[in-house]
Amino acid sequence: PTFVFTSRELPVPTGADIRLVDGEVNGHLASMREAAGEGDIWVIGGGDLAGQFLDANALDELQITVTPVALTGGAPLFPRNIRSDRLELKSVEKFGQFAHLIFDIQQ
């Protein structure tokens, strides 16, 4: 199943197991874990959504792809303070001009 956090009404393709949910992650975490069974929950979205999973101690890995572009402003990558003692670099891969970093998050 796919859970989509949104405050809008979105079309759902016929036959797809897509569940539109609204509100905080904590309110949906139990049903997401039940739906995942023994599998993982993969979070894709903005830093605030991932931050809510972190706040709920439900984020154990952080994957970041770095693009070689210098911006003059913008939003923070991850709007939470995660100190380096909570992040353990697991792997770094090069994909063309991109760097993909994977960190384990220590609870």
Side-chain angles (χ1 to χ4, degrees):
T2 300
F3 289 79
V4 177
F5 282 83
T6 182
S7 58
R8 300 180 295 144
E9 289 292 324
L10 299 172
V12 175
T14 303
D17 189 359
I18 297 176
R19 304 170 192 187
L20 304 177
V21 296
D22 190 9
E24 298 292 318
V25 164
N26 273 330
H28 303 284
L29 199 50
S31 59
M32 294 173 76
R33 285 181 168 144
E34 181 180 336
E38 295 294 317
D40 290 330
I41 297 172
W42 187 27
V43 178
I44 299 175
D48 183 58
L49 181 63
Q52 289 183 49
F53 279 89
L54 180 74
D55 293 345
N57 290 322
L59 195 64
D60 60 3
E61 184 177 271
L62 181 62
Q63 296 191 20
I64 301 170
T65 300
V66 179
T67 304
V69 174
L71 303 175
T72 59
L77 172 68
F78 201 73
R80 299 291 191 280
N81 184 12
I82 306 176
R83 301 179 59 89
S84 60
D85 61 341
R86 292 195 60 200
L87 298 174
E88 181 180 331
L89 184 61
K90 186 172 168 181
S91 69
V92 177
E93 293 183 67
K94 180 180 187 255
F95 296 103
Q97 288 295 97
F98 302 97
H100 186 76
L101 304 106
I102 301 177
F103 294 92
D104 281 334
I105 298 175
Q106 310 303 314
Q107 301 298 332

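In this chain, numbering begins with 1 at the start of the sequence shown.
- Considering CG of Leu87 and CG of Asp104, their distance stands at 9.5 Å, rounded to 0.5 Å.
- With contacts defined as side-chain heavy-atom distances shorter than 4.5 Å, the pair Gln52/Phe5 does not qualify.
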Give the C-alpha distance, both sets of side-chain angles, the deciding distance and a yes or no for side-chain contact (heavy atoms from CB on, under 4.5 Å) between Ile64 and Phe78. CA-CA 10 Å; Ile64 301 170; Phe78 201 73; over 6 Å; no
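- Note that CG of Leu62 is 13.5 Å distant from CZ of Phe53, once rounded to the nearest 0.5 Å.
- Minimum heavy-atom separation, Leu29 to Ala56: CD2-CB, 4.0 Å.
- Hydrophobic clustering (ILVMFWY, side-chain heavy atoms < 4.5 Å, transitive): Leu49 and Ile105 are in one cluster.
- The structure places CG of Leu20 at 7.5 Å from CD1 of Ile18, a figure rounded to the nearest 0.5 Å.
- Under a hydrophobic-cluster definition in which Ile, Leu, Val, Met, Phe, Trp and Tyr are linked whenever side-chain heavy atoms come within less than 4.5 Å, directly or via other members, Phe95 and Leu89 are assigned to different clusters.
- Other residues, nucleotides and ligands contribute more than 12 heavy atoms inside 6.0 Å of the CG atom of Asp85.
- Ile41 places none of its side-chain heavy atoms less than 4.5 Å from the side chain of Phe3.
- When every heavy atom of Asn57 is checked against every heavy atom of Arg33, the shortest pair comes out as O-NH2, 4.2 Å.
- Atoms CD and CZ, from Gln107 and Arg86 in turn, are 5.5 Å apart once rounded to the nearest 0.5 Å.
- For the pair Thr6 (side chain) and Arg8 (backbone), a donor-acceptor distance under 3.5 Å is present.
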Go through the steps to decide whether Gln106 and Asp60 satisfy the test side-chain contact (heavy atoms from CB on, under 4.5 Å), and finish with yes or no. CA-CA 7 Å; Gln106 310 303 314; Asp60 60 3; over 6 Å; no
